Amino acid sequence: MALVAEFLGQITFNLGANEPTYPTVVPAPDFDPDKDAARIETAIKTKGVDEQTIIQILTKRTYGQRREIAFAYERRAKKDMISALKGALSGSLETVILGLMKSTAQYDASEIKASIKGLGTDEESLIEILCSRSNAELLEIKQVYKELFKKDLEKDVAGDTSGDFAKLLLALVEAKRAEPSSVVDYEKIDEDARALYEAGVKRKGTDVKTWIAIMSERSVPHLQKVFDRYKSYSPYDMQESIRKEVKGDLEKSFLTLVQCFENKQLYFANRLNDAMKSKGAKEKVVTRIMVSRCEVDLKKIRSEFKAQYGKSLYQTIAEHTKGDYQTALLSLCGGDD
């Protein structure tokens, strides 16, 4: 299992190498896993639990470092650190800390599983994850999903969704998106823009199959140019066309895709703002974005948030959350812009 995880780690590193990252959580300098493990052991054993120390250490270490701490803890305490944390923490803080003890792909896989387990599907979570992850991320999520749950992600998604919504998600899970190319094919851009127009706004009823094919198979830079070109055919931009043509989960999925193609970090900034704006902050959404993006692009999400809403993500989290949960999120946020 450890070997598989290391192998997966290498895959991600190689595949994702062309995508720049903007993490807020970076490797801690002068890292000493034994010292961290000892501090966490003491924090857990303290009467009433010293949550501050646990937060301080685990939100300021990368996943690789947290794993080393967990191994050191097990050697020291002769028990599993994740189980010990589970026993010591509760509520929203527990959710954040246990989320951080998973790799980004493990965390995404677990969130997908949770959204399709039991009665009723949490479509919103499913859409957010599957429509916003890159090919490399999706390939890794699929491998990890199989490893963790002994099931194929495709089968679980197919068993839990239906119609065109299912077809779109399955097309994304196949991870057939073309990689960005240095060659710009203007003819293909024009062809795709026209096909999107003719499959939607131009006709009565939508040819969803064409939309799915183009949006799940073309590279992101290509699609950005397609949406631009689309405006010369259609009186509406791509997002407006989607709103006019399809409804429900399919509409949400296509909109999420287009928003992520145009500016993924702005999409997450908007999600965070909406989640915190609602009465009783939608903690689930806030937690998922902060945990899943802190080692990917949270720094850039932060700057998009400030540009869009005129106040920092840090201040917004401080206003809408409280207690240890707030402390953990602010630490992951990594600074006030």
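All values reported here derive from a predicted model rather than from experimental measurement. Count residues from 1 along the sequence.
Relative ring orientation between Tyr197 and Tyr233 is described as parallel, the plane-to-plane angle staying below 30° on a 0-90° scale split at 30° and 60°.
Side chains of Gln239 and Glu262: a donor-acceptor N/O pair is present below 3.5 angstrom, by distance only. No donor-acceptor contact under 3.5 angstrom links the side chains of Ser115 and Ser125, judged on distance only. Between the side chains of Ser232 and Arg229, a donor-acceptor pair is found at a separation under 3.5 Å. Looking only at atom types and distance, the side chain of Thr327 has no donor-acceptor partner in the side chain of Asp324 under 3.5 Å away. With no hydrogens or angles considered, no side-chain donor-acceptor pair links Asp34 and Tyr73 at under 3.5 Å. In this model, a donor atom of one side chain and an acceptor atom of the other lie less than 3.5 Å apart for Ser312 and Gln315. No side-chain donor-acceptor contact under 3.5 Å links Asn273 and Gln308.
One finds a salt bridge joining Glu154 and Lys142 here, because a Lys/Arg side-chain nitrogen approaches an Asp/Glu carboxylate oxygen to under 4.0 Å. At a threshold of 4.0 Å, the pair Glu128-Arg271 counts as salt-bridged, since one of the basic side-chain nitrogens sits closer than that to a carboxylate oxygen. A salt bridge between Asp108 and Arg288 is absent, with no side-chain N of the basic residue lying under 4.0 Å from a carboxylate O of the acidic one. Between Glu41 and Arg76, at least one side-chain N (NZ, or NE/NH1/NH2) sits under 4.0 Å from a carboxylate O, which counts as a salt bridge. With salt bridges taken as basic N to acidic carboxylate O contacts below 4.0 Å, none links Lys176 and Glu217. A salt bridge links Asp122 with Lys284: at least one charged nitrogen is closer than 4.0 Å to a carboxylate oxygen. Using a cutoff of 4.0 Å between basic side-chain nitrogens and carboxylate oxygens, Lys78 and Glu74 are not scored as salt-bridged.
When all heavy atoms of Ala318 and Leu330 are compared, the pair lying nearest together is N-CD2, 4.1 Å. Of all heavy-atom pairs spanning Lys299 and Thr24, the tightest one is N-CG2, 3.5 Å.
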>> Please evaluate residues Lys146 and Leu153 with respect to the criterion side chain to side chain contact (heavy atoms under 4.5 Å, CB included), reporting the C-alpha separation (whole Å), side-chain torsions for both, the decisive distance (0.1 Å), and the verdict.
In response: CA-CA 7 Å; Lys146 178 92 176 180; Leu153 177 57; over 6 Å; no
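Each of Lys311, Arg302, Lys306 was checked for a salt bridge (Lys or Arg N to Asp or Glu O under 4.0 Å) with Asp337, and the lone residue meeting it is Arg302.
In this structure, the side chain of Arg177 engages the main chain of Met215 through a donor-acceptor pair within 3.5 Å.
Surrounding OH of Tyr236 are at most 12 heavy atoms belonging to other residues, nucleotides or ligands under 6.0 Å away. Atom NZ of Lys155 sits in a sparse spot, with 12 or fewer heavy atoms from other residues, nucleotides or ligands closer than 6.0 Å.
Residues Leu168 and Trp211 are not in side-chain contact: their nearest non-hydrogen atoms beyond the backbone lie 4.5 Å or more apart.
Geometric assessment of Lys300 against the ring of Tyr22 yields a positive cation-pi assignment under the 6.0 Å and 45° thresholds.
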